[in-house]
Each structure stands twice: as C-alpha cells, then as structure tokens.
Amino acid sequence: AYHGPQAMEELAGFDPHLVPGILGGSSGTTFDAFHQLSEARKYGARAALYGRMINNSEHQLSFIQHLRWIADGELTDPAEATRSYHGALQKLNIPAYRKLDDDLKATPRAAAYGGSTKVPIDGTKKKAAKPSDDQKNPSQMTSAEKVAWNRAKWDRILG
C-alpha cells in the first residue's frame, strides 16, 4: 500500500537495490489511481500493481496506457491524465462511469486489501471474537457457522 511520501522516500532510500512499489488498493475515481501513481513515482516507487482499479475501469487497455504514461513521466499531472483518459473513452465511444468533473475528484478509499474489512478513522482494527467452546464442534455447526468459525480462527492467527 502507498502510505505517503515519507514512507516511500524512506523505503526507496533504504537500499539502492530494492525495488519499492505500491499496490493500487480499492477502486475510486480515475484521478485517485493516477494521483496515487504520480505521487508514489515522485517519492521513489519503481513498481506498481493495480488490479481492481484496472479491472473496474471502463476500458482496461486505455487505463493501462495512461498508467504507463504516468509511470514513464510522459504525463505528470493526474488531472491532465484523467482528462486524456476521458478523451480516449470518447474516441472509442465508451461511456464513462462518471462525469469528468466527478472523476477529477479525490475520494476516500478503503485502507484494507481484504475486500470488505473497514478500518475506522482512528486507525484501529478490532479483532474478531473467538468462537465459544460450544461452537468448536464442526459436526454440530451449519455451513455458515463453519465459515464464520474458520474466518475467526484465521483472523486470530493472522491478526
């Protein structure tokens, strides 16, 4: 995850042989993706992995092309890149998910990479409750209870 300029600069400056990079995280606006990559590159990132952002874009190839232009320094302004991406969609007759004005806004995005996990504003994450002893006998559980019990177990193990 991209944790901001200071963290990226420290990571990039730690070892010249290290290839620091970022994960895209949850989908937001097109501007969010382009701004995150632009900022990370500026502070030393040399790799980026965007899954959901690419997958949820209107036209994956155009989106990747714009990410590449940002990564290569050919586009340096995320707003300009967003406008260019919308222009590419228009040329391809692909309707954008958002109006350009809305797509140029930064949006708050989930900090977790597990999908539905929400991290509260205070940054703390509550641990899953341990299953009670009477729930530990799988032969007496429904399928849904077994799934919940196993998830709670892995939350305890992995944190």
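For the single chain, residues carry numbers from 1 onward in sequence order. Keep in mind that the numbers below use all heavy atoms, side chains included, and drop hydrogens, waters and symmetry copies.
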Revision key, fill the gap. Interatomic distance, CG@D101 vs NE2@H86, rounded to 0.5 Å, equals 9.5 Å

Indicate every side-chain donor-acceptor pair of residues 6-13 with a distance under 3.5 Å to a residue at least two apart or in another chain.
from	atom 1	to	atom 2	distance (Å)
Q6	NE2	E10	OE2	3.1

Exercise for review: Report yes or no: do I22 and W69 belong to one cluster of Ile/Leu/Val/Met/Phe/Trp/Tyr joined by side chain heavy-atom distances under 4.5 Å?
Suggested key: yes

Check your understanding: Are I54 and Y97 grouped together when hydrophobic residues (ILVMFWY) are joined by side-chain heavy atoms under 4.5 angstrom apart?
Key -> no

Review point. Do F34 and Y2 share a hydrophobic cluster, counting only Ile, Leu, Val, Met, Phe, Trp and Tyr and linking them when any side-chain heavy atoms are less than 4.5 Å apart?
Key: yes

Check your understanding: So, for Q60 and N55, which heavy atoms are closest and what is the spacing to 0.1 Å?
Key -> NE2-O, 3.1 Å

Review point. Do D103 and T29 have a side chain donor and acceptor closer than 3.5 Å?
Key: no

**Study point:** Under the ring pair (Phe, Tyr, Trp, His ring centres under 6.0 Å) test, residues paired with Y85 that sit two or more places apart
**Key:** F63, H66

Point to revise | Flag, side chain of N56 to backbone of S27, donor-acceptor distance under 3.5 Å | key: no

**Study point:** From CG (N93) to NE2 (H59), nearest 0.5 Å
**Key:** 11.5 Å

Check your understanding: Do R46 side-chain atoms and L18 backbone N/O form a donor-acceptor pair below 3.5 Å?
Key -> yes

Check your understanding: Could you walk me through whether R68 and D72 pass the salt bridge (charged side-chain N to carboxylate O under 4.0 Å, His left out) check?
Key -> CA-CA 6 Å; R68 184 62 199 220; D72 290 343; 2.9 Å; yes

Review point. Going from OG on S38 to CG on L67, what distance comes out if it is rounded to the nearest 0.5 angstrom?
Key: 11.0 Å

Review point. Nearest 0.5 Å, what's the OG1-CZ distance between T76 and R41?
Key: 8.5 Å

Review point. Are I64 and M53 co-members of a hydrophobic cluster defined by side-chain heavy atoms under 4.5 Å apart?
Key: yes

Study note, to complete from the structure: CG (L49) and CG (L23) are apart, to the nearest 0.5 Å, by 5.5 Å

Review point. In Å, rounded to the nearest 0.5 Å, how long is the span from OG of S57 to CZ of R52?
Key: 14.0 Å

Point to revise | D102 side chain vs R98 backbone, donor-acceptor pair below 3.5 Å | key: no

Check your understanding: So if you build clusters from Ile, Leu, Val, Met, Phe, Trp, Tyr with side-chain heavy-atom gaps below 4.5 Å, do L37 and F31 land together?
Key -> no

Check your understanding: If you take all heavy atoms of S62 and L92, which pair is closest and at what distance?
Key -> OG-CD1, 3.6 Å

Exercise for review: Quick one: list whatever passes salt bridge (Lys or Arg N to Asp or Glu O under 4.0 Å) with E39, sequence neighbours left out.
Suggested key: K42

Exercise for review: Kindly say whether P78 contributes a backbone atom to a donor-acceptor pair with the side chain of T82 at under 3.5 angstrom?
Suggested key: yes

Exercise for review: Take atom CD of E80 as the centre, draw a 6.0 Å sphere, and report whether it contains more than 12 heavy atoms from other residues, nucleotides or ligands.
Suggested key: yes

